[in-house]
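Single-structure report; data block below.
Proteins come first, then strands; the chains are lettered A, B, ... in the order of their sequence lines, and each starts at number 1.
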Amino acid sequence: MFPGYSDAYIEPSSAQDERYSFIAEWYDPQAALIRRYQFLYYPKDSSIEMFDIKNRRKFLSRTKFESVRLEDLYIGSKVSIYSRQLTFVDFGDQFTESKLISKKEKTFALIKPDATSKLGVILNGLRDRNIKVTKAQMVQMTRTDAVKFYDEHQSKPYFNSILEYITSGPVIAMEIVGSGVVQKWLEMLGPSDPSEARTSNPKSIRAMFGTDELKNTAHGSINATAAAKELEFFFPSSGAAFVGTAKYENSTCCVIKPHAVKEGLVGDIISVIMDAGFDITALSMQTVQKANAEEFYEIYKGVVAEYKSMVDELCNGSCVVLEISGNDQDVPSKFRQLCGPSDPEIGRHLRPKTLRAMFGKDAIQNAVHCTDLPEDGILEVEYFFRIL
Amino acid sequence: MLATQRTRRTREHTGPTPHSVSIRAKMPSSKLPEHLLLERRRQEDLREEAILITKYNKMFDLKNDWERITDRSIQKNTVQRRVKDLMEQRKLELDERRQKLRELLSAEDEEYVREMEAKHETLEERQNKMCERAKLLKAKRETERQAFVEEKLDQQWREQCEELRGVLSRRHQDEVCVDRMQQLAAKADLERRKQEEEAMYAQLWEKDRLAKAAREEQEAQQQIERNRFGIKAMVDTLRTQKASLQAKKLEEKRLIAEEAKLLIEERELRSLEEERASQQKRLLQKQHKSSLEKSMKLKLQREAKEQQEELALDMKILEQLLEESRNEAHEMVERKHRRREEEQKYREFLQQQLEEETRREKELDRLIDVDVAAMWSKRIHQWKLEKEARNRLMRDVMETRRKQLQEKLQKLAYEKEVLKRDCEEIMAAVEEHNKLEDERVQRTKMINKNYESDLLAQIDHQKSKKDERKMEELREYNEGLQTEAKYQQRLKNVLSSATSERKTHPMRRPQFEVTGQKMV
């Protein structure tokens, strides 16, 4: 049967329907080649339609598909449709481009070493302002990196202290997306001097967490061109440039699942983790391919009945991978206690203070994945931060 | 082909004669007779050797190939085996891990189930706890009730215990007596104060009366004075009016004189203007005359010149004509005649011109006269208007002044009336006050008398009661000597505690306050 078949009545598409068109790519593992499709989205009844560009024929007739939302559709986003992970590479028409280009303005945000512990609050602030985080990476900057990044400040007297400060600990680089995001993020940051910010804009990030003009919590791009440059620096299109900050020692792996990322729970989850006394030593926002997800979850195959839906959930969008570490050996089991029972329903009855009880929906969409076997913690961390 | 021409074979040699041919003897062959055989044998040997070599090579190739393939397959197999081993090991490990995980998860599930069950059990426990709590509460309520009963019994005893009540009442009586003393003192005080007050009021009233009389007198005087002052004011106003009238008259006179002056000035001005006009006229006439004379002179000159020229021309023509014919003389006479006519005409024209001139002058004079007359009429009209305006202003001022006076008089009369009314009101108020004061004094006297009688009755009652109680006590003393000690003990306890918590009668407080208060 055709994959897009459903019994629900779908109105025949008409010219009056508002629709968004994208060019989507799918890597076909059987043929080992990339196929291109025109992807149409009708926001009226959230249905989708796909058209094979090369073979010039319909690939998927118009079908209701509730899990795809308009917010998920932007250039570079990944959506899985009937087990096919599609990547959007371009807009399909002028209408879509003009409608969505302003919404999809990008900028670069850097959280400096002293504020990495405030990540949860900052992420919540972004969520409240309707800003999406599309890329994120915890990075330990070397001195040469820092020199390259702060190239324009090279002649300033405080250059050396900036370098020392920025290399003093891991930083978190993020790509954030939203309409007018450059301005919004700068407003959220407030004036660059925290003491000035405290008088003029006491609710800004720098006013709340900054100490002085040097240690001012976070960095934001001044305009779109600077943002593009800085994004290219931290997230180069040619592949990863920075070495991760993972320790692979006394650590366990935590994956914030795509549904939680979409619902904007990342900030809350990270806050809870940090409040519980765990350190986040590595962070990365990743989109997992289906094969990789299967490999990652192989231990669950045949053990849990929900293995397949777990895999599907993991590759249904981008997820945030964290390395949780502590001082002693039993970090995995301790963190597992914080996560609670895998079924949030049980969690709510027995351990209402656990992550899954607070943020999970059901046994599959249970907000976070954590390493179950204590000895597997480093293995899973390595899988995400070294192998992928 | 000729024989001679034939190339000779190497063995043939031709002699000197024909047909003499000799053949050179053949040399025996250098090769062995069996050389072919040998050759063949050699070749076969070589072939065999080659075959052997190829065979050998082939064999070793085969060996090599075999070795290589075998090596490769061995290696491959080893690798495969190792990979398989590793895979199996990994699978085993994975299985092991899965097993572990399975165990972990199932253990956890069991634990969760157990916990859930435990949670259910706690419900029963909670019920038990609630039962216990209910019991506890019941017990507590019981003890409270017991305490309340105790207290009530105690209260009953206390109320029923005559001795205690006696002591208490004695105390109470003492207090009452003391209070009564105070009351009496307070009453005396009150009386004294009231008397003082009355005296003071009398004094005040007297003072008031005197003051009132004085004031009335003063007012009367003031009235007289005011009246006098009113007349004086009227006289003053009249005087001022008179003065203003006089001033007005003076002003009018001044205005008339000014007018006269202005008229004289005007006349002078007019004469001056007339003079100037005549002068101007004369000047104009002179100018005109001179210009006319000038033009006439010029004209005459021109004409004379023209005549001369004409004469010259005529003379020339005449001379010419004289030469041609003599008849022309007649013509000349005619021409002369014509010229004379022309002159006559010209003179007439001049006369006309002169007449015109005189007429124009007359016209000019007339126009100037008209202008002057218009000017004068205009100015006179203006003066008249000004004068009217002045008169009107004067009239207005007089009118307003009269109105003001009238108003002032009205106001004065009204004030007088008001004063009179006030006086009457004050008198009425004083009378009423006196009446009220009398009433109040009467009332207080009544109240005090009543209170006195009440108190006396009370005292009598108390005294009689006390006597009765004393009698009874004596009787009881005889009867209940045995219970006395116990009673005394309890009484002592109660009394020692009762003194502190004794409540004052609500009626007692305001009495004290009344005595302490000052009459307002």
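No cation-pi contact links B/Lys411 to B/Tyr414, judged by a cut-off of 6.0 Å to the six-membered ring centre and 45° from its axis.
B/Leu101 touches chain A through backbone and side chain together, each having a heavy atom under 4.5 Å away. Heavy-atom distances place the side chain of B/Glu111, and not its backbone, under 4.5 Å from chain A. Contacts of A/Asp376 with chain B are made by side-chain atoms alone, with heavy-atom separations under 4.5 Å and no backbone atom involved. For A/Glu298, the parts sitting under 4.5 Å from any heavy atom of chain B are the backbone and the side chain alike. Proximity to chain B (any heavy atom under 4.5 Å) is shown, for A/Ile299, by both the backbone and the side chain.
Checked against the 6.0 Å centroid criterion, the rings of A/Tyr307 and A/Tyr300 do not qualify as a close aromatic pair. Checked against the 6.0 Å centroid criterion, the rings of A/His349 and B/Tyr112 do not qualify as a close aromatic pair. For A/Phe384 and A/Phe296, the distance between ring centers is under 6.0 angstrom.
Chosen from B/Arg97, B/Gln99, B/Glu108, B/Glu115, the residue pairing most often with chain A at heavy-atom distances under 4.5 Å is B/Arg97.
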Could you walk me through whether A/Asp343 and A/Asn366 pass the side chain to side chain donor-acceptor pair (under 3.5 Å) test, one step at a time? CA-CA 7 Å; A/Asp343 192 345; A/Asn366 54 3; over 6 Å; no
